[in-house]
Every structure is written in structure tokens, then in C-alpha cells.
Amino acid sequence: MKSSAIRNDYLNIAVLAVCEAIFMSTALINVAVAGLAAQAMVTDQAYVTLPQATIPLVSMAITIPASFIMKKIGRRAGFAIGALAGVASGIVCALALMQSSFSLFIIGVAMMGIYQAFATYYRFAVADQAEDAAFRSKAVSLVLAGGVIAAVAGPTIATYTRELVPSHLFVGCYLAVAGLNGLALLVLTLLRLRGEPRAGVRTGKLVFEPRRIFKDVRIVAAMLFCGMGNATMMLVMTATPIAMAGCGFGLATSGVVISWHVAAMFLPFFFTGYLIEYLGLYRFMMVGLVLTGLSGVIAASGISVGHFGLALMVSGLGWNFMYAGGSTLLANVVEEEDRPLAQGMNEFMSFGMTTFGTFASGMIYSRLGWSALNTGAVLLAVLLLALFTAMRQRAPSLT
């Protein structure tokens, strides 16, 4: 019986890793073309990033309701809702481009935020199934490792489909988004999660007690590591192509640097579960925090391709450790009845801090410059270190 459950767990990990790869591929396709597509539809170029900015904002609004919806109807049904939103996003965006409708394009891209709000729970779906803490960390890491495929697939698909529909640039990209998410719906039929709600069977009472969640210092620490990891990474990454252009480097060069960054973000997920087991969870998280601060120091110390590339690689690695560590800690310490709210609050904070890092990046760089921006990233890492040190004094279990 036990071996059968283990095989089922690995099947679920494989299914959700594929779904993660599909989601991240569609997200990267959108990142690659949304701004360029918007340029042809607006007269004021200040609005070209508006569609992309709607994604984390919509995700923030949906992420907590999504967690409670899945508690009621099941993870698989919830993930299917997300994938359907992804299909709709691709279709609506394609229609918007064919009609040159910027408002419709914003609606289409915003639907990607709904998809993201559900897809962000892929890692928790397998973590909640695991009884062993060591296996739980491996499960989280292996699902997130699906992003490695996306790092190659997303930009490649965008390149080969951008002129697929004659006279309508980028329509093919969004048709590919719709098709990929249709594939995700088929893959999700293979998901076999234990304890899923059944039709006609009433679920237990849904718990909504935020104060009880935030009383646990360990949960707060997990949320801070996930959120601050996103914020500091986005702060540096978002401004890097702009800073490189200002230093005279072309799009091809900055594209290679971004590729190094994405590889550093996702490749380690193949073995971070083993590193957590070897180092211990909290040491692992602290290494991520140190790497995040170090990336800011490297970036501020020079403006060569090597400086930009090394800084983003270290930033990606630091994000990996902070995000995987925070996610694993949250999965380890939250009681079953508190999972919908705790996981929802974690994703709400993560999307909020992602939005903060993205917007703050452009503002700080344009007003204060590259060195000031990276000093800000270092200060965020130092702030989190101070907060975590204070938390450890309150909760000795954080060692």
C-alpha cells in the first residue's frame, strides 16, 4: 500500500511539473511579446507596460479566493479553472491584436493573472500530500523545476509563432498560449490527489482566522522569505536590460544575461530538496538571503557584461533558495485546517511584493541610478536578516 502511495505521489509530481512548465512557458511568451504588441496599439508609449502590470494585481485579488475555492471543490478542479483562464487569455489577446483593441488586450492579459493565481498552488498540492518532511521539500523543488523547460520553450515558441498569422504580428503567439493551456487541461486529468472533495459530499467548515495564522512566527518567516525573495529579485532583474542598454549593450547581449538568470533560478530546483536535507532548512534559507544581498554588491561594483551576468545569476540562485525554503517551511508548519488561508496569504504577499519590486525598480533606476538600486536590494536583504534574527529570539525553533 505504501509503495503504491509513493508511486502515486511521483505521478502527481510529474503531472504538476509539466503543468508548471506549461504555465511558465505561456507566462514567458507573454513577457516576450506583450510590450511589443502594445506598442502598435497606443499613441502614448508610457502605457505599453500596463497590460503586463495587470497580471500580479489580478493575481493578488484572486489568490486567497482561489485557495478557498480549491478547498471546496478540490485542487484538480481549481487548476482546471486556472488553465481555462489561460486558454481564454490566449484567445482574447489574439482577437484584440486582430482588432487592434488595446482595452480588449488588457482584459486578455489580465486573465493570465487568474491563471497565475491558481497555478501558484501547484507546489503546495504535492507538499500537502507528503507525510515525510524530507520528501516534502523534494516534491516542492521538483514541481518548480518545470520552469527549466519553460526557460527554453517560452522564448523559442514566441520566436517561431510571432509571424504565424500573416499581417497580424504576435497573434500566433497568443494562439500558442491558448493551445498550450488546452494541453494543460488534458495533463491535469492524470492528477490523482488524495483527500479531494467528492461530488455530493459536504466538506468541513472553511477556516478564516487571520490572527491565528500570524501568531505563528514560523509562518510569518516563511511568507517573508517567499515575498522578499520575489521583491529583491524583481528589483534587480527588471532594471537590468534598461541599465545594459544605457551602457551600450544590445538586446542580444541583455537577452543572454536574462537567460543565465532564468537558468540560475530554476535549474537548482532539481537538487534543492537534497540540499535542504543536507544543510537543514534554516541554514539553506540563510544561504539564499546571503546570495541575494551578494548579488546587489556584485551589480553595484561594475558595469561590464560579466558584472551584469554574474549579479543576475547569483540573484536567481538566491531567489531559488529563499523561495524554495520559504515554501517548504510553510508546508511543514501549517496545520491542515489553516492551509487555505495560510497559503492564500502567502501568495497574496508574494504577488504584492513582486508588484512592489517591479514598479520600484523603474522608479529608483530612473531617479537615482543603477548603484542606488542595487544598494536598495542589499538593504532589503539586511532588513530581512534583522527581522529573521528577531523572530529567532521569539521562536527558538527557527534554528
Minimum heavy-atom distance between [X] and [Y], given as atom pair plus value:
| X | Y | value |
| --- | --- | --- |
| Pro268 | Ala263 | CD-O, 3.7 Å |
| Thr272 | Ala324 | OG1-CB, 4.5 Å |
| Ser327 | Phe124 | O-CE2, 3.9 Å |
| Ile364 | Ala372 | CG2-C, 4.2 Å |
| His307 | Ser301 | CD2-OG, 3.3 Å |
| Leu190 | Leu11 | O-CD2, 3.8 Å |

So, do [X] and [Y] sit near enough that their side-chain heavy atoms are less than 4.5 Å apart?
| X | Y | value |
| --- | --- | --- |
| Phe68 | Leu341 | yes |
| Met322 | Met233 | no |
| Arg194 | Asp9 | yes |
| Leu387 | Met228 | no |
| Phe388 | Leu224 | no |
| Leu385 | Thr389 | yes |
| Asn320 | Met265 | no |
| Glu347 | Ser59 | no |

Of all residues at least two apart in sequence or in a different chain, which pass the side-chain hydrogen bond (donor to acceptor under 3.5 Å, both in side chains) check with [X]?
| X | answer |
| --- | --- |
| Tyr323 | Arg123 |
| Thr63 | Tyr121 |
| Ser67 | none |

Within one Ile-Leu-Val-Met-Phe-Trp-Tyr cluster: [X] and [Y], side-chain cutoff 4.5 Å:
| X | Y | result |
| --- | --- | --- |
| Phe118 | Leu185 | no |
| Phe269 | Phe271 | yes |
| Leu175 | Leu104 | no |
| Leu384 | Val382 | no |
| Tyr278 | Leu329 | yes |

Can you tell me how far [atom2] of [Y] sits from [atom1] of [X], rounded to the nearest 0.5 angstrom?
| X | Y | atom1 | atom2 | answer |
| --- | --- | --- | --- | --- |
| Met60 | Gln116 | CE | CD | 12.0 Å |
| Tyr122 | Asn12 | OH | CG | 13.0 Å |
| Leu281 | Arg218 | CG | CZ | 11.0 Å |
| Leu317 | His261 | CG | NE2 | 11.0 Å |
| Phe225 | Ser350 | CZ | OG | 13.0 Å |

Is the distance between the ring centroids of Phe308 and Trp260 under 6.0 Å? no

Using distance only, find each side-chain donor-acceptor pair of residues 286-298 under 3.5 Å and give its atom names and separation, not counting sequence neighbours.
| unit_1 | atom_1 | unit_2 | atom_2 | d |
| --- | --- | --- | --- | --- |
| Thr292 | OG1 | Gly288 | O | 2.9 |
| Ser295 | OG | Thr292 | O | 2.6 |

Go through Lys138 and Ile276 one step at a time and tell me if the side-chain contact (heavy atoms from CB on, under 4.5 Å) criterion holds. CA-CA 9 Å; Lys138 294 183 181 73; Ile276 290 172; over 6 Å; no

Of all residues at least two apart in sequence or in a different chain, which pass the ring-ring contact (aromatic ring centres under 6.0 Å, His included) check with Phe348? none

By ring-ring contact (aromatic ring centres under 6.0 Å, His included), Phe351 pairs with (sequence neighbours left out) none

Residue set satisfying side-chain contact (heavy atoms from CB on, under 4.5 Å) with Ala264, at least two apart, ordered chain then number -> Met313

Residues at least two apart in sequence or cross-chain that pass side-chain contact (heavy atoms from CB on, under 4.5 Å) with Ala300, listed by chain then number, are Asn374

Name all pairs fulfilling the side-chain hydrogen bond (donor to acceptor under 3.5 Å, both in side chains) condition that reach into residues 221-230, sequence neighbours left out, sorted by first residue then second. Asn230-Trp319, Asn230-Thr354

Counting only pairs under 3.5 Å, give me each side-chain donor-acceptor contact of residues 147-172, with atom names and distances, residues two or more places apart or in other chains.
| unit_1 | atom_1 | unit_2 | atom_2 | d |
| --- | --- | --- | --- | --- |
| Thr156 | OG1 | Val152 | O | 2.6 |
| Thr159 | OG1 | Pro155 | O | 2.9 |
| Thr161 | OG1 | Ile157 | O | 2.7 |

Report all side-chain donor-acceptor pairs from residues 76-93 shorter than 3.5 Å, counting only partners two or more places apart or in another chain.
| unit_1 | atom_1 | unit_2 | atom_2 | d |
| --- | --- | --- | --- | --- |
| Arg76 | NH1 | Thr189 | O | 3.2 |
| Arg76 | NH1 | Leu191 | O | 3.2 |
| Ser89 | OG | Gly108 | O | 2.7 |

For residues 16-32, which side-chain N or O atoms pair as donor and acceptor with protein atoms under 3.5 Å away, sequence neighbours left out?
| unit_1 | atom_1 | unit_2 | atom_2 | d |
| --- | --- | --- | --- | --- |
| Ser25 | OG | Ala21 | O | 2.7 |
| Thr26 | OG1 | Ile22 | O | 3.4 |
| Thr26 | OG1 | Phe23 | O | 2.7 |
| Asn30 | OD1 | Tyr174 | OH | 2.7 |
| Asn30 | ND2 | Gln52 | OE1 | 2.6 |

